[in-house]
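Given the structure is predicted, the values throughout are model-derived calculations rather than measurements. Every number for a ligand or one of its atoms is a count from 1 in the order of the listing. Side chains are part of it too, since the values below use all heavy atoms of this structure and drop only hydrogens, waters and symmetry mates.
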Amino acid sequence: MTIQWFPGHMTRARREIQEKLKLIDIAIELLDARVPLSSRNPMVDEILQGKPRLILLNKADLADARTTEQWRTYFADLGYASLAIDASTGNRVAEIPLKVKELLHEKIARQINKGMIPRAVRGLIVGIPNVGKSTLINRLAGRNIAATGDRPGVTKGQQWIKVGTEMELLDTPGILWPKFEDQLVGYKLAMTGAIREQVLNVEDVAFFAIKELAGRYWDALAERFGLTEPPRDLEDNNELVRVMEDIGRKRGCLMSGGRVDLEKASGIILRELRAGNLGRITLESP
Ligand code: G4P
């Protein structure tokens, strides 16, 4: 669900997360492995107030594996542990509780030293809309938790979900806003499907996608759509539109008079990109 973030929503989202922080030991920050920067809330460090944190690069199945590893190194250099996962298939999700325990081992050891039986560690999943928070919660819970409403303020009574015997998770995630004041970020999020076309024009988004892909992933684009002529100049808009038209022709998106239906072609480009049909694509490098 796409929401409009107004200042009031942001304040409320922030307050909600900060209330939840009082209940938990660790924040689990979910990012999209294809756009780890653009899918990051610009104020996340301030909002999480130094809580222990695990970063998850989700949708790693759609991202370039080598770049994902570079991102993990980048976050490690900043002092954050991370894992690359696919919440939808469950790939590497089982490592999350182990990693969380590892990150909290000092706290757990302190409890044991005081003669206490350590309770399950408590976590909160946070991230911008569409990054895979609900999918991950369901995956960790091993069942479907009722939809939580992807909007700050839409919460029900909070409950703890047991993840194995040693970890618990709040059933409602912390919903953060994206860095939407940056237009480039908006287009990247639209390309990956995090922002839907109601907000940005489909042809504009597909045009932006072609510009991004023609530079770094021309071979994948050419192979998927049977293209033979790369754009001569990536800064030449006419050349990029020509590539979109080539794709439209290949896919039979024609209108009367033989003109290419760019809107239809744009829909195809974005759908196939988001489904991973062009291969594993990452739009941001550290
Ligand atoms: P949110 O709670 O953070 O808003 O995100 P949500 O779990 O609703 O996930 C948003 C979309 O991302 C969903 O697709 C979901 O299936 C997909 N997704 C989540 N994790 C992964 C992953 O690791 N890999 C891939 N490829 N996709 C993932 P959708 O099209 O909105 O819904 P649906 O088609 O699954 O019904």
Distance under 4.0 Å to a non-hydrogen atom of [X]: what atoms of ligand 1 satisfy this?
X	value
D86	23 (O)
L62	26 (N)
A87	20 (N), 22 (C), 23 (O)

- Message: Counting only heavy atoms, tell me which of R274, R34, K59, R139 gets closest to atom 12 (O) of ligand 1.
- Response: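 Selected option, by shortest heavy-atom distance: K59.
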- Selection from N130, L56, T135 by shortest heavy-atom distance to atom 19 (C) of ligand 1: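 Minimum heavy-atom distance to atom 19 (C) of ligand 1 goes to T135.
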Donor-acceptor pair between [X] and [Y] side chains, under 3.5 angstrom:
X	Y	result
R72	S82	yes
S38	E284	yes
S88	K59	no

- Message: Minimum heavy-atom separation for V44 and N41, please, with both atom names.
- Response: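 Looking at all heavy atoms of both residues, the closest pair is N-OD1, 2.9 Å.
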- Query: Can a salt bridge be assigned to the pair D246 and K250 using a cut-off of 4.0 Å between side-chain N and carboxylate O?
  - Reply: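 Salt bridge absent between D246 and K250.
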- Aromatic centroids of Y187 and F208 separated by under 6.0 Å: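 Yes - the distance between ring centres of F208 and Y187 falls below the 6.0 Å cut-off.
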Which bit of [X] gets closer than 4.0 Å to ligand 1, counting heavy atoms only: side chain, backbone, both or neither?
X	result
D61	side chain
L30	neither
P129	backbone

- Item | N or O pair under 3.5 Å between G132 and ligand 1 |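 Yes, at least one N or O pair falls under 3.5 Å.
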- Message: Do W177 and I128 make a side-chain contact, defined as non-hydrogen atoms from C-beta onward lying under 4.5 Å apart?
- Response: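 The answer is no, as the side chains (C-beta and beyond) never meet within the 4.5 Å cut-off.
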